[in-house]
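Notes follow once the structure below has been shown.
We name chains A, B, ... by the order of the sequence lines, and we start the count at 1 in each one.
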2 protein chains.
Amino acid sequence: MTTRTQGLHPHVLATLGLAITAGEYPPGSVLRTDELAQRFDVSRTVVREVVRVLESMHLVESRRRVGVTVRPAEQWNVYDPQVIRWRLAGADRPRQLRSLTVLRSAVEPVAAGLAALHATPEQCRELTEQALGMVATSRGRQLEAYLVHDIAFHRVVLAASGNEMFARLGDVVAEVLTGRTHHQVMFDDPDPAAVTLHVQVAEAVRERDAARAEELTRQIAVGALRELDVLAP
Amino acid sequence: MTTRTQGLHPHVLATLGLAITAGEYPPGSVLRTDELAQRFDVSRTVVREVVRVLESMHLVESRRRVGVTVRPAEQWNVYDPQVIRWRLAGADRPRQLRSLTVLRSAVEPVAAGLAALHATPEQCRELTEQALGMVATSRGRQLEAYLVHDIAFHRVVLAASGNEMFARLGDVVAEVLTGRTHHQVMFDDPDPAAVTLHVQVAEAVRERDAARAEELTRQIAVGALRELDVLAP
DNA sequence: GTGAGATAAAAGTCGTACTTAATGTTCGAG
DNA sequence: CTCGAACATTAAGTACGACTTTTATCTCAC
């Protein structure tokens, strides 16, 4: 079950990162580089580079004479897309999905409001197009195709907000939506109300109606949260 | 002007990270590890570890036969606390401060609303205490003391929200508030209206009034944004 | 021009030797 | 018996040199 990556470093990093974020090493656990080198059958060089990266993610802390200790989850860089992916792939996907959705519910309405003020004509067009794509694929179990448009739609909104912090959440939203579609329980077809709301958001942005864009997006977020409450414990 | 850090790796990392985030290397610039090793007078080992970390922050990309190329700013991991610190220390502090404040304006109101639902008695007490501390230090040019309470206040709100993504923004908020107080132009005393609002937020949380906590925090955010508009171009 | 093949440049990997710092232990002074 | 200072030990940090692998680019025949 070797994770078949090209290059040793990526492979070791992925394996260790996944294991740590999955909680396989309780906080305070100590790893030694030599031991890891042996375990993965790679040189200490590779292990050291991996440890440095994990350290920059605050997953571990490396101290002389003691080793590489695993940090408590509260200290992890949970905004690191890599960490997010690991956690979504691991055991506590539900919890992660929930906390990310709450984050979305805070950010996306504001982003939509700003998008209404700053979106370029090109972005407005793109937004409408994706919304129509969602409508077109919202029936008949085309969840995969729907997902593509959904992701693109939210990406454009976040990018059009003109705020780089929002824009960079595009990847996170993509992960959330993908995770929801693939792993989470999900209805056969998306909620028709949500689809309509997306179309209306595109409309509001096009008409530069910031307040409406924000409010409509807030409704989308509320819907997503409610759905999560229904489908998850 | 050696940045006097203990350990070679931290020193090289800090220097290079700062230089890149400051835009000293335009996107697409190519660095070679041997060259860097020479320049910093360290072994290739150290440089390689640094490059791996920078790579995990998406600041650079390392490819065989071509070298280490600097990525465009849109791809940087702008949520990495380290990157945030570098950018706040560098040339575009104003822009960074603004985008982070917008992020706060989206997140903190929602966090406050959740805090009203989930805060422990201990957190309520802490909140009130910090708010009172803000009142006590709001006059007579005690900006430093005020800052401490301000940071603590917002940290508690974010932590009390019960959402880990929000909680982890505590450091970011701390950086923003610190940056605003130290480097940004700021009035001699904080805005009295803001101080009052903080006290009221503590009150609302204590009384479990989520809607009010959210609305009041939104007003704080609006004030912060307005202040930024007044004091920055 | 175009495509196959040679060339070379730079990152990737490895092993070993040495340095440094933190921890734990020992041992002597009080 | 307690305390503290010297010492030994351990694991990370750093350095260096050799070798491998990938791949951009150049060459040359067609």
Side-chain angles (χ1 to χ4, degrees), chain A residues 2-17 19-20 25-72 75-76 82, chain B residues 2-20 25-72 75-77 82:
Chain A
T2 8
T3 321
R4 275 313 281 151
T5 10
Q6 87 257 49
L8 300 182
H9 175 90
H11 172 236
V12 176
L13 180 63
T15 309
L16 257 186
I20 293 174
Y25 303 94
S29 305
V30 174
L31 310 171
R32 260 149 294 130
T33 49
D34 308 296
E35 186 186 289
L36 292 174
Q38 253 193 297
R39 177 136 72 86
F40 289 100
D41 191 33
V42 295
S43 71
R44 207 163 68 97
T45 310
V46 170
V47 172
R48 284 190 48 68
E49 286 172 10
V50 167
V51 167
R52 280 258 131 98
V53 172
L54 294 175
E55 207 175 7
S56 90
M57 297 170 173
H58 281 71
L59 296 185
V60 301
E61 189 180 7
S62 177
R63 283 171 57 203
R64 273 175 152 133
R65 164 68 208 241
V66 54
V68 178
T69 65
V70 177
R71 306 182 106 172
Q75 297 180 21
W76 297 349
Q82 185 63 94
Chain B
T2 10
T3 320
R4 275 313 281 150
T5 9
Q6 88 258 47
L8 300 182
H9 175 91
H11 172 236
V12 176
L13 181 63
T15 309
L16 257 186
L18 200 56
I20 294 174
Y25 302 94
S29 305
V30 174
L31 311 170
R32 259 150 289 126
T33 50
D34 304 294
E35 184 187 292
L36 293 173
Q38 253 192 296
R39 176 138 71 86
F40 288 101
D41 192 32
V42 295
S43 69
R44 206 164 68 99
T45 311
V46 171
V47 173
R48 283 190 48 69
E49 287 172 10
V50 168
V51 167
R52 281 260 132 98
V53 172
L54 294 175
E55 208 174 7
S56 91
M57 297 170 172
H58 280 70
L59 295 185
V60 302
E61 189 180 7
S62 178
R63 282 171 57 203
R64 275 174 153 137
R65 164 65 209 241
V66 55
V68 178
T69 65
V70 177
R71 306 182 103 167
Q75 298 180 21
W76 298 348
N77 267 245
Q82 185 63 92

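With sequence neighbours excluded, no residue satisfies side-chain hydrogen bond (donor to acceptor under 3.5 Å, both in side chains) with R44(A). A search for side-chain hydrogen bond (donor to acceptor under 3.5 Å, both in side chains) contacts involving H58(A) returns R71(A), not counting sequence neighbours. Every residue was checked against the side-chain hydrogen bond (donor to acceptor under 3.5 Å, both in side chains) condition with T45(A), not counting sequence neighbours, and none meets it. Listed by chain and number, the residues in a salt bridge (Lys or Arg N to Asp or Glu O under 4.0 Å) with R48(A) are E49(B) (sequence neighbours excluded). R39(B) meets the side-chain hydrogen bond (donor to acceptor under 3.5 Å, both in side chains) test with Y25(B); sequence neighbours excluded. Applying the side-chain contact (heavy atoms from CB on, under 4.5 Å) criterion to P72(A), with sequence neighbours excluded, gives P27(A), E74(A), Q75(A). For Q38(B), there are no side-chain contact (heavy atoms from CB on, under 4.5 Å) partners at least two apart in sequence or on another chain. When the side-chain contact (heavy atoms from CB on, under 4.5 Å) test is applied to Q82(B), the partners found at least two apart in sequence or on another chain are M57(B), D80(B), R85(B), W86(B).
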Summarise how protein sits on nucleotides 13-19 of chain C as a single string, 5' to 3': B when a protein heavy atom is under 4.0 Å from the base, S for sugar-phosphate-only contact, - for no contact. BBB-B--

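Of all nucleotides in DNA chain D having an atom under 4.0 Å from a heavy atom of chain A, the first and last in 5' to 3' order are dT9(D) to dT14(D).
A heavy-atom distance below 4.5 Å is not found between the side chains of V50(A) and F40(A).
Of the two residues near DNA chain C, R63(A) and V68(B), the one whose nearest nucleotide lies more 5' is V68(B).
As a whole-Å value, the separation of L54(B) CG from dA11(C) P is 14 Å. Residue H11(B) contributes atom NE2, which lies 19 Å from atom C1' of dT20(C) at whole-angstrom precision.
Screening residues 60-69 of chain A for side-chain hydrogen bond (donor to acceptor under 3.5 Å, both in side chains) gives no qualifying pairs among residues at least two apart or on separate chains.
If you check residues 25-34 of chain A against DNA chain D, the residues with a heavy atom closer than 4.0 Å are L31(A), R32(A), T33(A), D34(A), listed by number.
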